[in-house]
Amino acid sequence: MRWHGAPSSTVSFALVLEDPDAPGGTWVQWVLFNLPAEHQGLPAGLDRAPQLPSGACHGACWGVADFHRIGYQGPEPPLGQTHRYIFSLFALDTSLDLEPGITVAQLQQAMDGHQLATAQLTGLYSR
């Protein structure tokens, strides 16, 4: 994943990946925050460690069964169904004073008043 064109005052990025088509409600697939502004993308196979060498941190991912994991959780919709996977990238004017493992709700609260720009990419996936 790559991006460009962030505001010049960007200090960090946050990324949220959600599947709004999950049977029991929105399924959070990935939460990543404090990605330094000089990063213009993410490599394939990003480590699932709570904190990455760049200083970025993974938040909690969960599904309708209330499991908790960190790191990228790829698409896995039920057989025969197409789901939307929405990547939301937020350019922030600060780094967030949060611990790894936070929820998306905690991330959204911490980002309030700090969002400079937002970009979204929606992918469709079925198996």
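- Taking CD of Gln40 as the reference point, atom CG of Leu35 lies at 10.0 Å (rounded to 0.5 Å).
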### Task
Determine, step by step, whether Asp19 and Tyr125 satisfy the side chain to side chain contact (heavy atoms under 4.5 Å, CB included) criterion, reporting the C-alpha distance in whole Å, the side-chain angles of both residues, the deciding distance to 0.1 Å, and the verdict.
CA-CA 10 Å; Asp19 171 4; Tyr125 184 79; over 6 Å; no
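- Between the side chain of Asp21 and the main chain of Arg84, a donor-acceptor pair closer than 3.5 Å is present.
- Rounding to the nearest 0.5 angstrom, the gap separating the CZ atom in Arg2 from the NE2 atom in His39 is 11.0 Å.
- Residues Gly101 and Ala60 share a closest heavy-atom pair of O-CB, 3.5 Å.
- Expressed to the nearest 0.5 Å, how far OG of Ser95 lies from NE2 of His114 amounts to 10.5 Å.
- Here CE of Met1 is found 10.5 Å from CG of Leu46. Values are rounded to the nearest 0.5 Å.
- How far NE2 of His83 is from CD of Glu76: 11.0 Å, rounded to the nearest 0.5 Å.
- Formation of a donor-acceptor pair under 3.5 Å by the Thr122 side chain with backbone atoms of Ile86 is not found in this model.
- Heavy-atom neighbours of Gln115 CD from other residues, nucleotides or ligands within 6.0 Å: above the threshold of 12.
- Under the ring-ring contact (aromatic ring centres under 6.0 Å, His included) test applied with Phe13, the options Phe33, Phe87, Trp3 reduce to a single match, Trp3.
- Checking side-chain atoms of His58 against main-chain N and O of Asp47 turns up a donor-acceptor pair under 3.5 Å.
- At distances below 3.5 Å, not a single donor-acceptor pair connects side-chain atoms of Asn34 with backbone N or O atoms of Gly55.
- Note that the CG atom of Leu15 and the CG atom of Leu121 stand 10.0 Å from one another [nearest 0.5 Å].
- Minimum interatomic distance between Pro7 and Leu116 (heavy atoms only, all atoms of both residues): CG-CB, 3.9 Å.
- The environment of CD in Gln81 is crowded: more than 12 heavy-atom neighbours from other residues, nucleotides or ligands sit within 6.0 Å.
- In this structure, the side chains of Leu42 and Leu32 come closer than 4.5 Å at one or more pairs of heavy atoms.
- In the hydrophobic clustering of ILVMFWY residues, with side-chain heavy atoms under 4.5 Å counting as a link, Ile102 and Val28 come out together.
- Between Gly59 and Ile70 the shortest heavy-atom distance is O-CG2, 3.6 Å.
- Across all their heavy atoms, Pro77 and Arg127 have their closest contact at O-NE, 2.6 Å.
- Looking at every heavy atom in both residues, Tyr72 comes nearest to Pro75 through OH-CD, 3.4 Å.
- When all heavy atoms of Thr10 and Ala91 are compared, the pair lying nearest together is OG1-CB, 3.6 Å.
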